[in-house]
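Following: one structure in structure tokens, then a few remarks.
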There are 2 protein chains.
Amino acid sequence: MPYASFASMPCALGRPAALLGERWTLLLLRQIFLGTRRFEDFQAAMEISRSVLTDRLNVLLQEGVLKRVPYQEDGRTRHEYRLTEKGRDLYPVMMALRTWGEKWMTPEEEESFHLHHRDCGGGVRAKVECTDCGAELSARDVQVTARS
Amino acid sequence: MPYASFASMPCALGRPAALLGERWTLLLLRQIFLGTRRFEDFQAAMEISRSVLTDRLNVLLQEGVLKRVPYQEDGRTRHEYRLTEKGRDLYPVMMALRTWGEKWMTPEEEESFHLHHRDCGGGVRAKVECTDCGAELSARDVQVTARS
DNA sequence: TCCTTGAGTTCGGAATCCAAACTCAGCTAC
DNA sequence: GTAGCTGAGTTTGGATTCCGAACTCAAGGA
């Protein structure tokens, strides 16, 4: 199965893994969650080549993760890229990556940026829980069974 | 900044995003969490080219996500790839991807495989929560501030 | 001795990626 | 009214990376 055909693989984990597993896509989403919205700003912030940036943005548009929104500047109409609801729903994925990165890939006492809950000021972390009993789960608490 | 140098970027989200954002790496991890451990089995399950498989496994070994463990078969010693603790800790990332995939990338009523809590049989989902008050958070509930 | 198997390594062609140059539309300044 | 500037791409030729097939190598087995 060539990489591209994972897009149609019958697996709820395989499809997103193939989509987000292309070079630059996760880094692009990180930049978007940090607030970047315009082509030139992505290009400056990440030093990605312009043609690849065009391609990745188009893939995310096609998948409905991003939308192009017009805005005014100097009386001219331009467009910026924004998350759709589907895109915003990737927040747990980003936070899970960050939680892992902080624990396992952060040298010394570096702190890249702070995240805190607007209401109470607390920290932020990703976790996996049981939808019934609410317990926090690790891989070993979970049973995998083939599709029914 | 070329893609490779994101590995040393001072960002707890950037580094993991660059590591897992290489083609095949997320799909490889998916396969590992599903129980695959041997070179030939990865190759058969994913149809990845052997040279790229070698490369990706080595990167994950170097990062300490995987370890090579000897085992006996037919009286011969061979090796298999297994998750380290660091690797098992990627579980929330995988589950966040799957939770998103089920909601947004699953056509019709497809069910790829079932996950349930061993103890109570409940479902499994990823979420982001506040470490202080325990509330479930979305991107809009979280304030980002530059490193202090 | 030859065959099989798991686990890679090598290699030439195909597909991607990259940086730099080019395009194009709509102002702005002269 | 034309020359320049800017944001947002598109094009292009060379550098990387990926791919599939063939090759290697070590350790049994027939």
Side-chain angles (χ1 to χ4, degrees), chain A residues 1-7 9 14 17-29 31-32 35-63 66-83, chain B residues 1-7 9 17-29 31-32 35-63 66-82:
Chain A
M1 165 156 21
Y3 190 90
S5 68
F6 275 86
M9 145 186 255
L19 172 63
L20 304 186
E22 284 284 11
R23 204 178 162 90
W24 292 111
T25 302
L26 279 174
L27 287 170
L28 185 51
L29 285 168
Q31 205 63 45
I32 289 167
T36 305
R37 291 174 182 173
R38 301 183 192 174
F39 191 93
E40 298 296 320
D41 295 339
F42 290 123
Q43 221 264 311
M46 311 199 305
E47 296 184 37
I48 183 177
S49 82
R50 303 174 77 82
S51 47
V52 173
L53 176 55
T54 300
D55 177 76
R56 295 301 185 270
L57 287 170
N58 285 334
V59 169
L60 293 174
L61 285 174
Q62 269 185 303
E63 288 292 334
L66 299 180
K67 58 188 169 189
R68 271 176 110 240
V69 179
Y71 70 95
Q72 296 298 120
E73 186 177 83
D74 310 331
R76 298 174 55 188
T77 298
R78 296 193 177 290
H79 295 269
E80 59 185 16
Y81 296 87
R82 293 227 193 190
L83 290 166
Chain B
M1 165 154 23
Y3 190 90
S5 69
F6 275 87
M9 145 186 255
L19 172 64
L20 302 186
E22 285 284 11
R23 207 176 158 90
W24 292 111
T25 303
L26 278 174
L27 287 170
L28 184 51
L29 285 168
Q31 205 63 44
I32 290 167
T36 304
R37 293 176 180 171
R38 301 184 193 174
F39 191 93
E40 298 297 320
D41 294 339
F42 290 121
Q43 222 264 313
M46 311 198 304
E47 296 184 36
I48 183 178
S49 82
R50 303 173 76 83
S51 47
V52 174
L53 176 56
T54 299
D55 177 75
R56 295 301 185 269
L57 288 170
N58 285 335
V59 169
L60 293 175
L61 284 175
Q62 269 184 303
E63 289 291 335
L66 299 181
K67 59 189 170 188
R68 273 177 108 239
V69 178
Y71 69 95
Q72 295 297 121
E73 186 177 83
D74 310 330
R76 298 173 56 184
T77 298
R78 297 192 176 289
H79 295 269
E80 59 185 16
Y81 297 88
R82 292 229 195 189

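Below, chains carry the letters A, B, ... as their sequence lines are ordered, and counting in each starts from 1.
Following rounding to the nearest Å, B/L61 (CG) and C/dA7 (P) show an atom-to-atom distance of 13 Å. Put simply, CG on B/D55 is 16 Å from P on D/dT16, counting in whole angstrom units. Rounded to an integer number of Å, the gap from CZ of B/R76 to P of C/dG6 is 9 Å. The CD1 atom of A/I48 sits 15 Å away from the P atom of C/dT16 (whole-angstrom rounding). The CD-P distance, from A/E40 to D/dG9, rounds to 9 Å in whole Å. Look at CG on B/L53: it is 11 Å from P on C/dT9, rounded to the nearest Å. Atom CD of A/Q43 is separated from atom C1' of C/dA20 by 11 Å (rounded to the nearest Å).
Look at B/R78 and you won't find any side-chain N or O under 4.0 angstrom from OP1 or OP2 of C/dG8. Proximity of B/R56 to the phosphate of D/dC18: a side-chain N or O atom is located under 4.0 Å from OP1 or OP2.
Among the nucleotides C/dT9, D/dG7, C/dA7, the one closest to any side-chain atom of B/T54 is C/dT9. Of the candidate nucleotides C/dG6, C/dC17, D/dA8, C/dG6 has the atom nearest to the side chain of B/Y71. Proximity note for B/Y81 (side chain, C-beta onward) versus C/dA21, D/dG7, C/dG8: the nearest is C/dG8. In this structure, of D/dG9, C/dC18, C/dT9, it is C/dC18 that holds the atom nearest to the side chain of A/V52. The nucleotide whose nearest atom lies closest to any side-chain atom of A/S51 is, among C/dG8, D/dC19, C/dA19, C/dA19.
For A/E80 and A/R82, the salt-bridge test passes: some basic side-chain N is under 4.0 Å from an acidic carboxylate O. By the 4.0 Å N-to-carboxylate-O rule, B/E40 lies close enough to B/R50 to be salt-bridged with it.
Annotation: of the two residues near DNA chain D, A/Y3 and A/H79, the 5′-most nearest-nucleotide partner is A/H79. Along DNA chain D, the nucleotide nearest B/W24 and the nucleotide nearest A/R68 are compared for position; the residue whose nucleotide lies closer to the 5' end is A/R68.
Side chain of B/N58 to main chain of B/T54: a donor-acceptor pair is present (N/O by atom type, distance under 3.5 Å, no hydrogens or angles). Using modelled atom types, no side-chain atom of B/Y81 and backbone atom of B/L57 make a donor-acceptor pair closer than 3.5 Å. At distances below 3.5 Å, at least one donor-acceptor pair connects side-chain atoms of B/R56 with backbone N or O atoms of B/R23.
At a cut-off of 3.5 angstrom, the base of D/dA8 holds at least one donor-acceptor pair with the side chain of A/R50.
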